[in-house]
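Both backbone and side-chain heavy atoms feed into the values below; hydrogens, waters and symmetry mates do not. Sequence lines set the chain letters: A, B, ... in the order given, protein chains first and strands last, and positions in each chain run from 1.
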Amino acid sequence: MPYLRLALDVPLARLFDYELADADASAVGKRAVVSFGRRALVGMVIEVADSPADAGVAIKPVEALLDDLPTLPADILDLLQFCADYYQHPLGQVVHTALPGRFREIAPYRVAPACAYQAVDADALLGSLPKRASLQRRLAVMLAEPCSEAQLRAESGSAWRLVQAWLAQGQLRQVALSLALPQPVAGPALNPGQAAAVAAITQSAGFACHLLCGITGSGKTEVYLHAIAEVLQRGLQALVLVPEINLTPQLEGRFRQRFPGVEIVSLHSGVADGERATGWVRAARGEAAIVLGTRLAVFTPLPRLGLVVVDEEHDASFKQQEGLRYSARDVAVYRARQAQVAIVLGSATPALESWYNAEAGRYKRLALPQRAVAGAQPPSWQLVPTRRQHLADGLHAHTLGAIENRLARGEQSLIFLNRRGYAPVMHCSECGWLAACTRCSARLTVHMRERRLRCHHCGWEERFPPACPGCGNSDMKPLGQGTQRLEELLAQRFPQARVLRIDRDSMRRKGSFEAALKTIHAGEVDILIGTQMLAKGHDFPALTLVAVIGADSGLYSADFRASERLYAQLAQVAGRAGRANKPGEVLIQTDFPEHPLYQALLADNYADFAATELAERKLAGFPPYLYQAVLRAEADTLAEAMQFLQGAVALAPLDEAVTVWDPVAASMMRLANRERAQVLVQSGSRARLGAFLAGWMQALRAERAAKVRWSLDVDPLEL
DNA sequence: TCTCCCGATAAC
DNA sequence: TTATCGGGAGAT
């Protein structure tokens with residue numbers, strides 16, 4: 001009797017055997033419904049074996065082998081196994097984080113093959129339409145020839161509804177989809193730098209990792225589009241990863257416009273379950289030519305993968321911060337190597353890990369030195385020294401003057417402050433009391449409009465205390481600057497100006513962010529106040545001033561990655577200024593104008609910054625010169641968490657190539673009433689660290705940690 | 001003696 | 001993770 005070895009979505013690092021008469025190797029990669037304990041689960045067949053792995057247990061039969069989905073191909077199974085091993089995560093859970101949630105349900109999931117649509121009688125259809133219905137008439141003309149769903153949707157948002165209606169009326173019929181690539185719309189001519197980059201990418205044979213470095217406006221997207229066009233012409237598929245959901249609709253629009261008629265699948269957490277599952281199936285069947293998505297898209301099966309692109313590769317959102325803590329960028333590199341295809345990592349400010357790989361010759365650096373739009377000027381940077389200066393509620397007179405200037409010229413200004421709320425804390429000037437979260441080791445942020453104090457870490461909320469709990473003083477003041485306060489201040493200062501604040505609080509409602517972007521584009525805003533929400537990827541042609549407030553906090557942080565992040569963030573937000581032919585100006589208010597980070601930014605010299613930063617990391621023994629992993633634990637008390645970690649350290653295998661540090665309280669020690677601590681492990685050898693972790697996790701899983709929740713984070717971004 | 005809650009344990 | 005089992009504490 002053959003046995004199916006299944007990966008099940010349970011936190012156990014092992015597979016489970018079930019028997020199935022006349023099963024053969026073709027079952028591998030299919031879903032199976034089984035009874036597990038007392039419940040029914042859907043598992044993934046990983047192996048078919050002649051005998052059970054464990055002779056001592058009674059083996060249940062498979063209830064059903066589902067044949068509804070494309071079989072998970074060997075390369076994806078290998079990829080998932082790699083993730084399970086590398087991140088020390090149970091394979092069953094890896095499988096289920098990698099697949100659309102819909103596939104965890106027992107019901108079969110069927111997707112009709114993608115097809116094209118064509119008018120039964122194009123002339124009759126056109127004749128039946130009113131003269132004024134221009135969209136309908138346009139569609140009718142298109143439908144004389146077979147059109148893909150993507151092509152029709154690209155024509156207009158309401159096109160698909162019309163097509164459905166005509167289909168129901170029998171005006172249209174479904175025809176087989178042609179996989180031949182329609183001619184892409186020609187893009188703008190490439191400048192020499194872009195052309196060289198495209199050539200390097202498309203001419204590389206087999207696996208090659210290209211680090212595409214170019215500031216905002218240097219035309220990285222155009223390089224991607226050209227490289228993808230070449231791949232599509234060879235009948236291959238492209239995988240494109242972007243950091244944020246916010247950015248996908250924009251980019252998707254650009255892709256659809258450039259590749260009309262090409263099936264493009266968009267995969268991210270904002271896509272409804274069913275649509276995600278359908279997109280996955282289309283990609284896996286080879287019907288979709290382009291998969292565009294956030295980190296979860298990295299696991300999509302692509303039988304004819306020809307190119308991988310990771311845009312803004314330095315972005316922290318490529319690293320999942322819970323469950324399977326994978327780095328989609330690193331997994332993407334693995335995938336490209338596996339498929340022996342080129343991968344492009346694009347960024348203006350590459351992660352120092354990637355930069356280091358380029359220095360070492362493992363990645364090929366492609367630089368885009370020029371701005372793509374001829375005549376566009378790079379922004380001019382200016383540091384506004386604020387030490388011992390009088391500031392009007394945090395804004396320097398020079399900054400205010402610059403804003404006034406834009407107002408007079410009818411241009412837009414952006415004040416960038418990465419701190420939402422009114423003020424970061426409520427303060428008693430009598431006794432020095434600060435409002436703190438009772439559940440976290442964090443301050444409560446002041447939200448003036450609602451007159452509430454909020455914890456931005458756990459979501460705790462309370463009303464303003466009527467008097468200081470420390471001394472009874474009733475005169476408590478918000479301390480420091482937040483975006484709300486800045487908004488209030490600027491509205492007072494410039495009563496004639498239209499001020500718009502963009503942060504997670506003001507953009508909570510669905511669609512409000514899109515609406516805000518529209519307002520900005522329509523020129524109905526004079527002064528924008530924004531957090532990092534606004535820093536990424538959006539073009540504002542009328543924006544000519546970016547003023548940065550409160551950046552200094554990233555300079556002297558305990559986190560060794562803080563300056564890297566600060567540089568990236570400032571470079572990114574500066575890119576919002578002056579994208580059209582109006583030169584942009586960037587002002588940074590700082591107490592430390594002489595700081596090398598700012599000096600490198602002013603000189604637009606990331607190479608210098610990276611070299612300095614890497615030298616420091618080498619000296620201090622930080623990544624990328626070492627590989628790290630963190631074992632985190634949380635419990636009701638710090639003592640329990642620490643005790644667990646001490647036990648864990650005692651269980652650690654001995655390896656002179658691996659350093660195991662003492663347990664310490666986490667930097668945010670208390671979070672939502674749980675106390676947290678961690679152990680850092682590092683090694684100069686990735687292989688040794690991996691082997692060490694495998695042994696350690698095996699030993700640790702054999703222990704039962706009653707009240708402690710723990711997890712391992714390999715290549716952590718934050719310690 | 002009954003019931004509820006918590007911790008331990010198994011899951012193929 | 002989910003589901004069940006059993007022991008102990010307090011209620012009836």
Length of the line joining Tyr3(A):OH and dC12(B):C1', which is rounded to integer Å: 11 Å

Phe82(A) and Tyr326(A): CA distance, side-chain angles, deciding distance, ring pair (Phe, Tyr, Trp, His ring centres under 6.0 Å) verdict: CA-CA 11 Å; Phe82(A) 162 76; Tyr326(A) 67 101; over 10 Å; no

Qualifying residues under side chain to side chain donor-acceptor pair (under 3.5 Å), relative to Arg676(A), sequence neighbours excluded: none

Spacing of Leu41(A) atom CG relative to dC12(B) atom P, expressed in whole Å: 10 Å

Arg709(A) side chain near dT1(C) phosphate (N/O to OP1/OP2, under 4.0 Å): yes

Touch class at under 4.0 angstrom, heavy-atom based, for Arg5(A) against every strand present: nothing

Donor-acceptor pair under 3.5 Å, Arg39(A) side chain vs dT4(C) base: no

Could you pull out all donor-acceptor pairs under 3.5 Å where a side-chain atom in residues 8-18 of chain A meets a protein atom, sequence neighbours excluded?
from	atom 1	to	atom 2	distance (Å)
Asp17(A)	OD1	Arg5(A)	NE	2.9
Asp17(A)	OD2	Ala53(A)	N	2.7
Tyr18(A)	OH	Ser35(A)	O	2.9

Sugar-phosphate, base or nothing in reach of Leu6(A), heavy atoms under 4.0 Å: nothing

Which nucleotide in dA3(C), dC12(B), dT1(C) has an atom nearest any side-chain atom of Val57(A): dC12(B)

Euclidean distance, atom CG of residue Asp17(A) to atom C1' of dA11(B) [Å, nearest integer]: 13 Å

Touch class at under 4.0 angstrom, heavy-atom based, for Tyr18(A) against every strand present: sugar-phosphate

Thr278(A) and Glu275(A): side chain donor to acceptor below 3.5 Å: no

Sugar-phosphate, base or nothing in reach of Arg38(A), heavy atoms under 4.0 Å: sugar-phosphate

Rounded interatomic separation in angstrom, taking CD1 from Ile59(A) and P from dC12(B): 10 Å

Sugar-phosphate, base or nothing in reach of Ala58(A), heavy atoms under 4.0 Å: sugar-phosphate

